[in-house]
Q: 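Pasting a structure here, questions to come.
Residues take their numbers from the sequence shown, with the count starting at 1. Scope of the values below: all heavy atoms of this structure, side chains included, with no hydrogens, waters or symmetry mates.
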Amino acid sequence: MSNVLRYLPELEGDEQVEVARLLNDMSDAQAEHFARIYRSRRRDPAHILILAAVGFVGAAGLQRLYTERVALGLVYLFTGGLCLIGTIYDVIKYQDLAFRYNRDVALEVAQTVRQVYDTTDDSGGAQN
């Protein structure tokens, strides 16, 4: 858990636990690399809430587009947030939307970082 607090102090709750699990077996260099990429790609739950609330007065579905759920975002956009029911659901469950998106991003970034460092280690060993 201390790695998470050192590299990503802004994380809270379930997201912090999930990222701590991923950082557990990483070296310091890998963890720093992970933190830089993850910080740039993660979505803040407050932004998702704001975008979902915009659906009541303007364009519904922006929160889904923001979390890269393009098809569902377009459905919300053309159906008025599925007659506002989907928008109400998203306003209530905004933290869950953020957590699911951020978890998927964290898994993808962790896998990429591990592959990069595994490739670097393999090529470094081959040159010796």
Side-chain angles (χ1 to χ4, degrees):
M1 187 71 80
S2 65
N3 276 348
V4 173
L5 296 176
R6 182 173 40 186
Y7 296 114
L8 296 160
E10 67 271 16
L11 302 185
E12 297 176 348
D14 291 339
E15 183 181 11
Q16 187 180 51
V17 172
E18 186 69 26
V19 171
R21 187 182 62 78
L22 292 171
L23 290 178
N24 198 25
D25 61 341
M26 288 186 185
S27 68
D28 285 341
Q30 287 174 317
E32 286 179 30
H33 194 136
F34 172 87
R36 275 194 310 273
I37 296 170
Y38 181 67
R39 186 175 284 124
S40 70
R41 293 190 53 203
R42 76 180 287 272
R43 300 293 191 237
D44 187 3
H47 294 156
I48 293 173
L49 177 61
I50 291 167
L51 290 171
V54 167
F56 289 115
V57 294
L62 296 177
Q63 72 279 7
R64 295 295 181 154
L65 295 171
Y66 185 62
T67 58
E68 298 178 4
R69 302 285 308 267
V70 176
L72 192 54
L74 292 174
V75 168
Y76 273 41
L77 185 64
F78 293 125
T79 63
L82 298 175
C83 298
L84 291 181
I85 294 171
T87 300
I88 292 168
Y89 175 81
D90 286 352
V91 166
I92 294 168
K93 302 291 279 183
Y94 74 95
Q95 289 180 325
D96 188 49
L97 290 172
F99 173 73
R100 284 186 282 148
Y101 176 82
N102 289 334
R103 181 193 58 213
D104 293 343
V105 167
L107 291 170
E108 181 183 324
V109 170
Q111 183 179 17
T112 302
V113 167
R114 286 186 184 111
Q115 287 175 351
V116 165
Y117 279 85
D118 287 344
T119 304
T120 304
D121 292 342
D122 291 345
S123 67
Q127 291 176 357
N128 289 332

Q: Distance check, rounded to the nearest 0.5 Å: Phe99 atom CZ versus Ile48 atom CD1?
A: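 CD1 of Ile48 is found 12.5 Å from CZ of Phe99.
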Q: I would like to know whether His33 and Met26 meet side-chain contact (heavy atoms from CB on, under 4.5 Å); could you show each step before the answer?
A: CA-CA 10 Å; His33 194 136; Met26 288 186 185; over 6 Å; no
Q: Go through it in stages, so that I can follow the logic: the residues are Arg6 and Asp28, the test is side-chain contact (heavy atoms from CB on, under 4.5 Å), and I'd like the CA-CA distance, side-chain angles, deciding distance and then a yes or no.
A: CA-CA 10 Å; Arg6 182 173 40 186; Asp28 285 341; 3.6 Å; yes
Q: Between Ile92 and Leu51, is there a shared hydrophobic cluster once you connect ILVMFWY residues whose side-chain heavy atoms come closer than 4.5 Å?
A: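 Same cluster.
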Q: Supply the atom-to-atom distance His47 NE2 to Leu62 CG, rounded to the nearest 0.5 angstrom.
A: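 So the gap between those two atoms works out to 13.5 Å.
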Q: On a heavy-atom basis, which atom in Val91 and which in Ala52 lie closest, and how many Å separate them?
A: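 Looks like CG2-CB, 3.7 Å.
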Q: Show the atom names and distances, to 0.1 Å, of all donor-acceptor pairs under 3.5 Å that link a side chain in residues 71-88 to residues at least two apart or in another chain.
A:
unit_1	atom_1	unit_2	atom_2	d
Thr79	OG1	Val75	O	2.6
Thr79	OG1	Leu82	N	3.0

Q: Taking the side chain from Asn24 and the backbone from Ala20, do they hold a donor-acceptor pair closer than 3.5 Å?
A: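 No; judged by distance alone, with no hydrogens or angles, the pair does not exist.
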Q: Is any side-chain heavy atom of Arg41 closer than 4.5 Å to one of Glu108?
A: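 They are in side-chain contact.
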Q: Got a second to check how far Tyr7's OH is from Arg36's CZ, nearest 0.5 Å?
A: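 If we round to the nearest 0.5 Å, Tyr7:OH and Arg36:CZ are 10.5 Å apart.
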Q: To the nearest 0.5 Å, what is the distance between NZ on Lys93 and CG on Leu49?
A: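 Answer for the NZ-CG pair, Lys93 versus Leu49, is 14.0 Å.
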Q: Sort out for me which residue in Arg21, Gln16, Glu18 forms a side-chain contact (heavy atoms from CB on, under 4.5 Å) with Val4.
A: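 With Val4 as partner, side-chain contact (heavy atoms from CB on, under 4.5 Å) holds for just one option, Gln16.
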Q: Return the CD to CD distance between Glu15 and Glu10, rounded to the nearest 0.5 Å.
A: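 The distance works out to 8.0 Å.
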Q: Should the pair Arg43 and Tyr66 be classed as cation-pi, given the thresholds of under 6.0 Å to the six-membered ring centre and 45° from the axis?
A: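 Yes, Arg43 and Tyr66 form such a contact.
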Q: Do the charged groups of Asp14 and Arg103 touch, with an N to O distance under 4.0 Å?
A: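 No.
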Q: Write down the atom of Thr67, the atom of Tyr101, and the distance for their closest heavy-atom approach.
A: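 Minimum heavy-atom separation between Thr67 and Tyr101: O-CD1, 3.2 Å.
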Q: Answer whether the closest heavy-atom distance between the side chains of Ile37 and Thr112 falls below 4.5 Å.
A: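 Heavy-atom side-chain distance check fails, nothing below 4.5 Å.
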Q: Does CZ in Arg114 sit with more than 12 non-hydrogen atoms of other residues, nucleotides or ligands closer than 6.0 Å?
A: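 Atom CZ in Arg114 is packed in, count exceeds 12.
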Q: Treating Ile, Leu, Val, Met, Phe, Trp and Tyr as nodes and any side-chain heavy-atom pair under 4.5 angstrom as an edge, say whether Leu11 and Val113 lie in one connected cluster.
A: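 Cluster IDs for Leu11 and Val113 match.
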Q: Hey, are Asp104 and Arg42 close enough for a salt bridge, meaning a charged N less than 4.0 Å from a carboxylate O?
A: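 Looking at Asp104 and Arg42, the cut-off is not met.
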Q: Please find the pair of heavy atoms, one from Ala106 and one from Phe34, that lie closest to each other, and give the distance.
A: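 Answer, listing the atom of Ala106 first, then Phe34: O-CE1, 3.4 Å.
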Q: Taking all non-hydrogen atoms of both residues, which atom of Leu5 and which atom of Pro9 are closest, and how far apart?
A: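 Here Leu5 and Pro9 meet closest at O-CB, 3.5 Å.
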